[in-house]
Amino acid sequence: MATLNLVLMGLPGAGKGTQAQKIVDDFNIVHISTGDIFRSAMKNKTTMGLKAQAFIDKGELVPDEVTDGIVKERLSKDDVNDGYMLDGYPRNLEQADALESISSELKRDVNAVINIHVDPEVLVKRLSGRFICKTCGATYHKIYHLPKVEGTCDVCGGHDFYQRDDDKPETVKNRMNVNVKMNTPLVDFYEEKGLLYTVNGEQYIDKVYKEIKQILSNL
Ligand code: ADP
Ligand code: AMP
């Protein structure tokens with residue numbers, strides 16, 4: 001199997017983080033979530049984090065020059081040698097172009113794009129039930145994905161969970177609008193390149209993963 005350099009695409013709440021956890025376990029590639037990088041920077045109150053926060057709180061995209069810079073820096077590190085999976089990036093055509101340049105310069109071209117497709121109306125409901133482990137970032141859902149032992153994270157055994165500020169209904173609506181607008185051109189971009197694999201994300205979490213695993217195993 002060739003090195004896996006992947007993009008995981010899907011609207012907010014489509015299940016990228018949930019599936020990423022499983023992909024990383026099975027395929028041993030580095031998970032790079034721009035959303036996670038921003039949340040960590042905001043928690044640590046770095047200059048970049050404070051700058052990003054203003055956009056994230058409104059459900060807007062962080063400006064491309066900031067986001068592209070972060071991705072370039074991350075993809076330049078040695079641990080990406082054996083493959084990577086970008087989650088939440090690119091989010092618009094300008095970022096997709098930037099990724100073309102970055103990955104080609106670093107000789108780490110993307111070789112597949114997994115697009116998790118879910119109707120936006122389903123997503124608004126999903127996001128209101130999302131909760132996250134404070135210690136390791138594992139994602140759960142009040143109805144669809146509870147920890148095996150109540151109050152205990154399956155991944156790290158932690159007991160503290162939180163809800164993301166931007167999962168509040170007012171922010172979710174704007175986030176969804178912003179992302180829906182950008183999503184179709186992005187899907188078309190990767191389809192034209194022959195890199196796109198779309199899976200139906202409105203199935204059980206394990207069924208979605210089974211399809212993704214099948215695609216990745218055949219690359
Ligand atoms: P993303 O990273 O794309 O924003 P998440 O992986 O955080 O999405 O998933 C959003 C919410 O939906 C979480 O609460 C998660 O547990 C839940 N979820 C993920 N996949 C599914 C699915 N196939 N069916 C139902 N709920 C799901
Ligand atoms: P996510 O965790 O992917 O849902 O991202 C949370 C928020 O971080 C988004 O609503 C954006 O404000 C910001 N963000 C994450 N990835 C990007 C990106 N590729 N471009 C711009 N903003 C992003």
Side-chain angles (χ1 to χ4, degrees), residues 7-24 31-42 48-49 51-72 74 85-99 102 114-120 122-133 137-147 153-155 161-168 171-183 186 199-212:
V7 169
L8 195 55
M9 259 186 72
L11 294 170
K16 300 181 295 297
T18 303
Q19 298 299 328
Q21 234 165 282
K22 296 172 182 288
I23 296 169
V24 167
H31 176 205
I32 303 172
S33 154
T34 43
D36 284 350
I37 294 172
F38 287 133
R39 276 184 290 280
S40 159
M42 290 191 297
M48 183 271 279
K51 194 168 171 187
Q53 179 131 31
F55 297 93
I56 293 175
D57 284 349
K58 284 186 282 185
E60 303 287 337
L61 292 187
V62 176
D64 290 344
E65 64 271 19
V66 177
T67 314
D68 295 339
I70 286 169
V71 170
K72 183 166 186 188
R74 187 64 191 86
M85 178 180 43
L86 287 165
D87 158 0
Y89 180 94
R91 277 254 215 325
N92 58 29
L93 277 182
E94 290 75 18
Q95 292 182 5
D97 281 334
L99 179 58
I102 295 166
I114 306 289
N115 176 33
I116 308 177
H117 180 79
V118 179
D119 190 302
V122 175
L123 293 175
V124 173
K125 288 186 199 129
R126 260 196 207 178
L127 290 173
S128 64
R130 169 157 70 182
F131 64 97
I132 298 170
C133 171
T139 303
Y140 298 93
H141 192 279
K142 278 189 217 163
I143 297 165
Y144 309 121
H145 182 204
L146 285 163
C153 175
D154 295 347
V155 179
F161 298 90
Y162 73 99
Q163 238 187 329
R164 277 171 48 175
D165 283 341
D166 62 349
D167 279 349
K168 284 183 291 204
T171 318
V172 163
K173 232 188 255 164
N174 191 39
R175 266 169 77 208
M176 207 52 75
N177 289 340
V178 166
N179 283 276
V180 164
K181 211 166 65 194
M182 317 260 182
N183 200 52
L186 213 48
V199 297
N200 172 8
E202 293 185 35
Q203 313 176 85
Y204 286 120
I205 291 172
D206 286 344
K207 179 76 178 14
V208 176
Y209 184 58
K210 204 171 156 198
E211 291 188 9
I212 293 178

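Heavy atoms only: backbone and side chains are in, while hydrogens, waters and symmetry mates are out. Throughout, residue positions are numbered sequentially from 1 according to the sequence presented. When a ligand or atom number is given, it counts from 1 through the structure's own listing order.
The distance criterion of under 3.5 Å between nitrogen or oxygen atoms is not met by V208 with respect to ligand 1. In terms of polar-atom proximity, defined here as any N/O pair under 3.5 Å, P12 makes no such contact with ligand 1. For ligand 1, one of its N or O atoms has an N or O atom of G13 under 3.5 Å away.
Under a 4.0 Å N-O distance rule, the pair R91/D64 does not qualify as a salt bridge.
Under the 4.5 Å side-chain criterion, counting only non-hydrogen atoms from C-beta, M176 is in contact with L127.
Residue contacts with ligand 1 leave out E202, since none of its heavy atoms falls under 4.0 Å from the ligand. The shell of residues lying under 4.0 angstrom from ligand 1, judged by heavy atoms, excludes G10.
The two residues L61 and F55 have their closest heavy-atom pair at O-CD2, 3.6 Å.
Contacts of L61 with ligand 2, taken as heavy-atom pairs under 4.0 Å, involve both backbone and side chain. Here E60 has backbone heavy atoms under 4.0 Å from ligand 2, and that is the only part of it that gets that close. The residue R130 has no part lying near ligand 2, judged by heavy-atom distances below 4.0 Å.
Protein heavy atom at the shortest distance from atom 7 (O) of ligand 1 is R130 NH1, 2.6 Å. In this structure, the protein non-hydrogen atom closest to atom 4 (O) of ligand 2 is R164 NH2, 3.0 Å.
Nearest to atom 14 (N) of ligand 2 by heavy-atom distance, out of F55, Y89, F38, is F38. Summarising the contacts of atom 13 (C) of ligand 1 with L11, T139, D87, V122, the nearest heavy atom is found in T139.
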TODO: Decide yes or no on side-chain contact (heavy atoms from CB on, under 4.5 Å) for I56 and T171, but give the supporting numbers first.
DONE: CA-CA 9 Å; I56 293 175; T171 318; over 6 Å; no

- [ ] Give the C-alpha distance, both sets of side-chain angles, the deciding distance and a yes or no for side-chain contact (heavy atoms from CB on, under 4.5 Å) between L11 and R175.
- [x] CA-CA 9 Å; L11 294 170; R175 266 169 77 208; over 6 Å; no

